[in-house]
2 protein chains.
Amino acid sequence: MNISDFLSSIVPFTAAELKDILVHFKKESVPKNHTLVRQGEICKTLYFIEKGMGRSYYLNENGKEITQWFFGIGKFMSSVDSFFQQSPSLYYLEVLEDATLYSISKEDIDQLFAKYPKMEKMGRLVTIEMLTRVVNKLNAIQFQTAKERYDYMLTEFPDIAYHVPLGHIASYLGMSQETLSRIRKG
Amino acid sequence: MNISDFLSSIVPFTAAELKDILVHFKKESVPKNHTLVRQGEICKTLYFIEKGMGRSYYLNENGKEITQWFFGIGKFMSSVDSFFQQSPSLYYLEVLEDATLYSISKEDIDQLFAKYPKMEKMGRLVTIEMLTRVVNKLNAIQFQTAKERYDYMLTEFPDIAYHVPLGHIASYLGMSQETLSRIRKG
DNA sequence: GATTTCCTTTGACATAGGTCAAATAGTGTT
DNA sequence: AACACTATTTGACCTATGTCAAAGGAAATC
């Protein structure tokens, strides 16, 4: 999914607007396993994933990686809180396979928000969509059995579920790797 | 918390803008236990709580009420998804004590979004704040023990925790009423 | 293609928190 | 004050899922 198509699909920008907006995004190629942001750093960049996928995770008290979210093709990826509040990130952000990203800085996107109300609208709509997804996950985690949560994962991230290590998914779903392994068998 | 103070605290509206915006909000007094939206209905109104508190909940397979969120003084309350997508609400929305609300319709707020980029910005910021709160709850539910979740509740909704029935809080925290009762004792 | 390292599966056992049922305490209403 | 209703607490028991440990598989590196 191309970033320009993506933006147009949310809000009808004119060609001229799109051109002016895209100038602020930098295309980057990032290799598998590259870390974009570390826990404690301020996330200075918002990424759009044209190709590849990523995840956010943190280290719990025992130093174990806990996946917080997956980011697939055609989505924005960042440590949302850290980026928008410019506060230390609670999460690591990493790329799970070779990826093509478009990146934009906080200053630049704020400038775009200020210049184009449509851009502000885009931001609001994308955030609401994210909110809906997080609420869905919350419901899955709170009220569903381990098996049901895995099924939720398959519908929410069909492309991702089979391409990342089992442990990443297990921690994302709030269950042990062993349990997930048994479920997959089942 | 007054709605005009609230709006000003997020984005610096001019007096004239504020006046024009506030015209679209209708003040309402709503009695305790009043239901604002039912599961399956389209949520046509966004509410701002000046006084009182509310919650959203749904009925699970066994017909049990599961609290999904609490809304306190100085917050917007609605079935977010339903309101913004104008889709059937997954939740009931009810007022937990006599309340004073300011309500606005979808058409009116869309008009305001279109007229005032600052309003669009306000919407984006409020949504991001909500997103952060939901992520916090998600972390609490996913990784904390029942006891820790209750502590999270006390910091997130200090005003609410002591004023609503135990069962509402228990279902919100994803535990049985009995467990919460035992925790409160402990 | 051998070796090292990482990832997944399997088994045995432990436990937080669920469910059910009954008792107790509060609250509001005539 | 007595009644009805609702909310909370307590006890006994149960189960899904966690933890620990060890064995297999895959895949990356030399």
Side-chain angles (χ1 to χ4, degrees), chain A residues 31-35 53 55 57 59-67 70 92 94-98 137-154 157 160-186, chain B residues 31-35 53 55 57 59-67 70 92 94-98 137-154 157 160-186:
Chain A
K32 180 170 177 174
N33 293 328
H34 181 75
T35 296
M53 58 193 167
R55 65 160 182 154
Y57 69 94
L59 300 178
N60 72 3
E61 328 77 69
N62 310 318
K64 205 186 138 206
E65 295 182 2
I66 307 289
T67 300
F70 289 106
Y92 287 81
E94 75 173 10
V95 146
L96 293 168
E97 52 181 34
D98 293 353
K137 179 181 172 185
L138 180 54
N139 285 333
I141 293 281
Q142 185 162 5
F143 300 113
Q144 302 186 343
T145 63
K147 169 82 172 75
E148 290 168 330
R149 271 176 278 158
Y150 181 60
D151 292 342
Y152 144 83
M153 172 82 195
L154 292 179
F157 299 105
I160 290 176
Y162 291 113
H163 296 154
V164 307
L166 194 75
H168 290 2
I169 297 175
S171 69
Y172 173 78
L173 293 176
M175 67 183 73
S176 70
Q177 177 167 319
E178 293 91 330
T179 295
L180 181 52
S181 173
R182 288 185 245 260
I183 284 169
R184 267 198 178 165
K185 264 294 152 60
Chain B
K32 180 171 176 173
N33 293 329
H34 181 75
T35 296
M53 58 192 167
R55 67 162 181 151
Y57 68 95
L59 301 177
N60 71 4
E61 327 77 70
N62 311 316
K64 207 185 139 210
E65 295 181 2
I66 306 290
T67 299
F70 289 107
Y92 287 82
E94 77 173 10
V95 146
L96 292 168
E97 53 180 34
D98 295 352
K137 179 181 173 186
L138 180 55
N139 285 333
I141 293 280
Q142 185 163 3
F143 300 112
Q144 302 186 343
T145 62
K147 169 81 173 77
E148 289 168 330
R149 271 178 277 160
Y150 181 60
D151 293 342
Y152 144 83
M153 171 81 196
L154 291 179
F157 299 105
I160 289 176
Y162 290 114
H163 296 152
V164 306
L166 194 74
H168 289 2
I169 298 177
S171 69
Y172 173 78
L173 292 177
M175 67 183 74
S176 71
Q177 178 167 317
E178 293 91 328
T179 295
L180 180 53
S181 173
R182 288 185 243 260
I183 283 169
R184 267 199 178 164
K185 263 296 151 60

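Chain naming here is simple, since letters A, B, ... match the order of the sequence lines and numbering starts at 1 in each. Values reported hereafter were calculated over all heavy atoms of this structure, with side chains retained and with hydrogens, waters and symmetry mates removed.
- Counting only heavy atoms from C-beta on, A:Met175 has its side chain closest to D:dG18 among C:dT10, D:dG18, C:dT19.
- Going from atom CG of A:Asn33 over to atom C1' of C:dC7 covers 14 Å, rounded to whole Å.
- In this structure, A:Lys185 atom NZ and D:dT17 atom P are separated by 18 Å, rounded to whole Å.
- What you find for B:Arg149 and B:Gln144 is that their closest heavy atoms are NE-O, 3.3 Å.
- Each of D:dT19, C:dG18, D:dT8 was ranked by its minimum atom distance to the side chain of B:Ser176; first place goes to C:dG18.
- The NZ-P distance, from A:Lys32 to D:dA27, rounds to 10 Å in whole Å.
- Residue B:Arg184 is the one, among B:Arg184 and A:Arg149, whose nearest nucleotide of DNA chain D lies closer to the 5' end (criterion: closest heavy atom).
- Using a 4.0 Å heavy-atom criterion, one finds that A:Arg182 contacts the bases of the nucleic acid, with or without backbone contacts as well.
- When the P atom of C:dT8 is taken as reference, atom OH of A:Tyr162 falls 14 Å away, rounded to whole Å.
- Across D:dG18, D:dT8, C:dG11, the shortest atom-to-atom separation from the side chain of B:Gln177 is found for D:dT8.
- Atom P of nucleotide D:dA26 and atom CG of A:Leu166 are separated by 14 Å, given to the nearest angstrom.
- Listed for the B:Gln142 side chain is a donor-acceptor partner under 3.5 Å among the backbone atoms of A:Tyr172.
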**Request:** For the pair B:Tyr152 and B:Lys137, evaluate side chain to side chain contact (heavy atoms under 4.5 Å, CB included) and give the outcome as yes or no after the intermediate values.
**Result:** CA-CA 8 Å; B:Tyr152 144 83; B:Lys137 179 181 173 186; 3.1 Å; yes

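- Put simply, CG on B:Leu180 is 17 Å from P on C:dA16, counting in whole angstrom units.
- Going from atom CG of A:Leu173 over to atom P of D:dA16 covers 18 Å, rounded to whole Å.
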Name the atoms and distances for all side-chain donor-acceptor pairs under 3.5 Å in residues 174-182 of chain B, with sequence neighbours left out.
| unit_1 | atom_1 | unit_2 | atom_2 | d |
| --- | --- | --- | --- | --- |
| B:Ser176 | OG | B:Thr179 | N | 3.1 |
| B:Ser176 | OG | B:Thr179 | OG1 | 3.0 |

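- Using a 4.5 Å heavy-atom cutoff, the side chains of B:Ile66 and B:Leu59 are not in contact.
- We find that A:Glu94 and A:Lys32 are not joined by a salt bridge, their nearest charged nitrogen and carboxylate oxygen being 4.0 Å or further apart.
- If you check residues 140-148 of chain A against DNA chain C, you find no residue with a heavy atom closer than 4.0 Å.
- A 4.5 Å side-chain heavy-atom check between B:Val164 and B:Met53 finds at least one atom pair inside the cut-off.
- Atoms CD (B:Glu178) and C1' (C:dA16) sit 14 Å apart, rounded to a whole Å.
- Regarding contacts with the backbone of C:dG17, every side-chain N or O of B:Thr179 stays at 4.0 angstrom or more from both OP1 and OP2.
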